Amino acid sequence: MLDAILTLLILALAWHCVRTTDLFEAIVVFIALGMLVALAWTRLQAPDAALAEAAIGAGLAGALLLASLRQMPEMSATRAPGAKTTGLGWFWWGLWGALGLALVSGVAAIQTTSVSLMPQVQAHLSDSGVTHPVTAVLLNFRALDTALELAVLLWAWMAQKQLFVPGRQTVYPLQGQVLKTAVKALLPLMVLVAVYLLWRGSSAPGGAFQSGAVLASAWLMLWLAQLPGLSRKQGGMRLGIQAGWLGGVTVFLLVGLLGVFQGAGFMGYPPDQAGAWILLIESAAALSIGLLLASMVLVSMPDFQEGTL
Amino acid sequence: MTEWGLALLVVWPLLWGALTMVVPARQVTVAGGLAALVTAGLGVWAVTLSPQFLVLGNWSTPLGLGWRLDGMAQSLIGVTAVVGGLVSVYAWLDKGLPPTFWGLWLGAWGAMNALFLTADVFHFYVTLELLSVASVAMVALTPGAGATRAAFRYLLVSLTGSMLFLLGVALLYGRYGVLDMTLLAAQMTPDWPSMLAFALMTVGLLAKTAVFPLHGWLPQAHAKALTAVSAILSALVIKAAFYGLMRLWLEVFGPLATVSASWVLGLLASAAIFWGGYQALKTARLKRLVAWSTVAQVGMLVLALALVVQAKAISSVPSVHLWQGLVWLIAVHALAKAAWFLAAGTVQKRADSDYLAQIGFALHRSPISVVAMALAVISLAGLPFTMGFLGKWWLLSLAWELQAWAWLLVSLLGSLLTMAYGWRLLNLSLVNRGLPQALKPVSVARDWVALCLALLGVMGGFGGHWFWEGV
Amino acid sequence: MSWVMVGLDWLGAGVIALGVGFFVAGTLGLLRFDQSINRLHALTKADTLGLGLVVFGLVLQAPGLAVGLKLIIVWTLGLVSAALVSHLIGQSLCSQRQEEP
């Protein structure tokens, strides 16, 4: 019952998000959609995916979209209603509809006697250095997947820097001390949550991506409150931030090479040291993810100055 | 030793690519260029190894990831090393290239090496994703709104292709519970989920390879890009997606790749050959011409794939040198297209114009580049004494054996079209020189790099015996 | 003892239902009011009370002290962030008004 309502709501919101002519409305609906999809992940008992979806899919992606919208000229912020929804429009709807139907029938045709790698994962879990199967797969059994995904994030950031256009609008100056005080009070708590999520990843849902998302929002709040804590113009801090961007991929790949040296194979660890290496990699990765996500949002902010990142 | 080398083949370019973000702008070219040359060396070294299967982190498949160094992977790594190395030299000589190029290019190279090595369909998706992100950003290196628009279009097509591929991977995992290519190939049965996965993954890769009618993004993206980037995208990045098609059609989905399925590929390929050739004949701009020629040549590759699929499906035909022929054609195209784009870019720079009507004099004053272009064209068209001739000979004899007269005719007409649009450029330099004009100074070393690539494309023909008999 | 538990459970359910009612009212206000300031008013009033009641109801049903305390922390953080966000929205509205004479 609950699942049916959830599914219908997701479909309705997705439809609305695509059909609406007001881009601002589309973004708001998109954020709401992200929250609902996160709920769907929890219903599917995939809390790892739910956490990531809520933090990145709904939170940071929404912030990015809103920031991009503010940079767009007024005229193009709304789509002309009814324009270009002629024959070709129906062609695309038909195509995607057919794809959807084919997928549904394809999934339905798969026998329910499920075949998966879960038994194998469970059998080797004790040698993986962690007790949470998702973390074992991501950081040990298929470590190169995750290392290259981190690389995708880093290279996406390079690509975004390439497309950076200095903002046109200015934001309103902040009045009073409310935000500053609140951020100062909340910041230690956010860092604590990030560290907790990271630590928890070895035995329960959590890990570098979720922790990184929390770190990113902490950093964004610092910036919003115009606090001087992380001035990117200082030489040392600038170098630190740059090192942070690269840290995730670099540490991961270097530890992977170390595996060859230790006889555990490329991207492998000796079982007794695996836990420690995974913790090191996840810490570097969380820091990297936090810095990269925050940088991506910051650079798209309206009054962001070129050359500071 | 072998494991070190193979790991470095992926890790080295990625680490250096990442590091170029913190290297001061003035030193990036040196750091990036040296890193690229070492990567090229590693790639050439990988060709000399014996074929092997390597499991990552000592986790045997299906749990872990497998790397497979077989003839096909080795050849592609080798081609990428040679072409990538020479293009890197050209990029080093090009002072106008923004320093960001090196990080993006090294990232793309590392992604391609991982893509050639992997034996896992999901990992293939991850490498494809990294390659796409880096390639799109390389297109966006060109200043101006036009290039940004082309890059954005490329991004959308590429992402859609990736998404379709990923859907196929999910279906395969749901159906078979494994992701390793060899294990999938062993269990493959022609049922509905597998067929759907086959179709989705094929369409995704066709879009990334720019096969007609999903080619629309290519002429803009490849023509607007900076010269070194055009060469990389046209010669190498496209081939990475085509390599995926080869793996899917010849290996993973072996039982599903029937003769009738190959007809679909053949028809798309023929349309690409004619449409690409027609547009190349019609266009008024230099780099557009080379880019449209890529659309046509990709059609030729897909046609060859269709013939190989037929040959595998019909067991009565002696199936020798099947993937070797494909790989040979890939090498021909990679060398010729890289040479052509680099030479065209040099001429374009000298004339300070991309319009064919305005480059006659610059062509006349760039004899080395003209020779490079001429060699590239005759190798692509498959005239005797070139690498392309051997490839075309193989293709035609395969079509002959299969009695596929239609495909035989198409590939012959394709060669004629290649000659025709190639002649448009040579005609400009030999006959229609145009009025003398002031030319921009461009280092002649850049012409020589293009000529090196083109000469390799010709001389490679003499290495044919070693390749066809040895591998 | 068990009578107390059952009573608390029912009480909790009632309080949660009341909280949900506040949420619905607040959402209605958000959708129906025409000015941003009014919307903010509806939203924060209902949000604070609604969340407070839902959390209170859950605390009544909580199996132990630890869970109850965690719920109260959730509520406190919710309060802080709601206050902060409405303060920011109000400030931006104020600046906008000053700009347009």
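Bear in mind that the values here come from a model prediction, so they are computed numbers and not experimental data. First the proteins, then the strands, lettered A, B, ... as listed; each starts at 1. Basis for what follows: all heavy atoms, side chains included, without hydrogens, waters or symmetry-related copies.
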Taking every non-hydrogen pair under 4.5 Å, which of Leu144(A), Leu154(A), Val249(A) racks up the most with chain B?
Leu144(A)
Considering only heavy atoms and a distance below 4.5 Å, find which of Val121(A), Leu148(A), Val107(A) pairs most often with chain B.
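Maximum pair count with chain B is reached by Leu148(A).
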Could you check if a side-chain atom of [X] sits within less than 4.5 angstrom of a side-chain atom of [Y], using non-hydrogen atoms only?
{"X": "Leu65(B)", "Y": "Phe141(A)", "value": "no"}
{"X": "Leu200(B)", "Y": "Leu103(A)", "value": "yes"}
{"X": "Met158(A)", "Y": "Val133(B)", "value": "no"}
{"X": "Leu254(A)", "Y": "Leu15(B)", "value": "yes"}

Contact part of [X] toward chain A, heavy-atom cut-off under 4.5 Å: side chain, backbone, both or neither?
{"X": "Leu104(B)", "value": "both"}
{"X": "Leu54(B)", "value": "neither"}
{"X": "Leu167(B)", "value": "side chain"}
{"X": "Ala111(B)", "value": "neither"}
{"X": "Leu6(B)", "value": "neither"}
{"X": "Leu131(B)", "value": "neither"}

Between Gly103(B), Ala137(B), Ala140(B), which shows the greatest number of heavy-atom pairs under 4.5 Å with chain A?
Gly103(B)
If you tally heavy-atom pairs under 4.5 Å against chain A, which of Leu56(B), Leu63(B), Leu130(B), Leu19(B) wins?
Leu63(B)
Where on Leu246(A) is there a heavy atom nearer than 4.5 Å to chain B: the side chain, the backbone, both, or neither?
side chain
Heavy-atom distances under 4.5 Å only: say whether Leu153(A) touches chain B with side chain, backbone, both or neither.
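No part of it gets close to chain B.
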Is the number of heavy atoms from other residues, nucleotides or ligands under 6.0 Å of Phe30(A) CZ greater than 12?
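For Phe30(A), atom CZ is not crowded (no more than 12 foreign heavy atoms under 6.0 Å).
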Are more than 12 heavy atoms from other residues, nucleotides or ligands located less than 6.0 Å from atom CZ of Phe152(B)?
no
Quick one: pull up CG in Leu253(A) and CG in Leu8(B) and give me the separation to the nearest 0.5 Å.
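Interatomic distance, Leu253(A) CG to Leu8(B) CG, rounded to 0.5 Å: 10.5 Å.
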What heavy-atom pair brings [X] and [Y] nearest, and what distance separates the two atoms?
{"X": "Pro62(B)", "Y": "Leu117(A)", "answer": "O-CD1, 3.5 Å"}
{"X": "Ile110(A)", "Y": "Gly174(B)", "answer": "CG2-O, 3.3 Å"}
{"X": "Ala7(B)", "Y": "Leu257(A)", "answer": "CB-CD2, 3.8 Å"}

Cross-chain donor-acceptor list, chain A x chain B, under 3.5 angstrom:
residue	atom	partner	partner atom	Å
Ser105(A)	OG	Trp192(B)	NE1	2.9
Leu117(A)	N	Tyr173(B)	OH	3.0
Asn140(A)	OD1	Trp59(B)	NE1	2.8
Arg142(A)	NH1	Asp120(B)	OD2	3.2
Arg142(A)	NH2	Asp120(B)	OD1	2.8
Asp145(A)	OD1	His123(B)	ND1	2.5
Trp155(A)	NE1	Gly103(B)	O	3.0
Gln162(A)	OE1	Thr100(B)	OG1	3.4
Gly263(A)	O	Asn58(B)	ND2	3.3
Ala264(A)	O	Asn58(B)	ND2	3.4
Phe266(A)	N	Glu3(B)	OE2	2.9
Phe266(A)	O	Gly57(B)	N	2.7

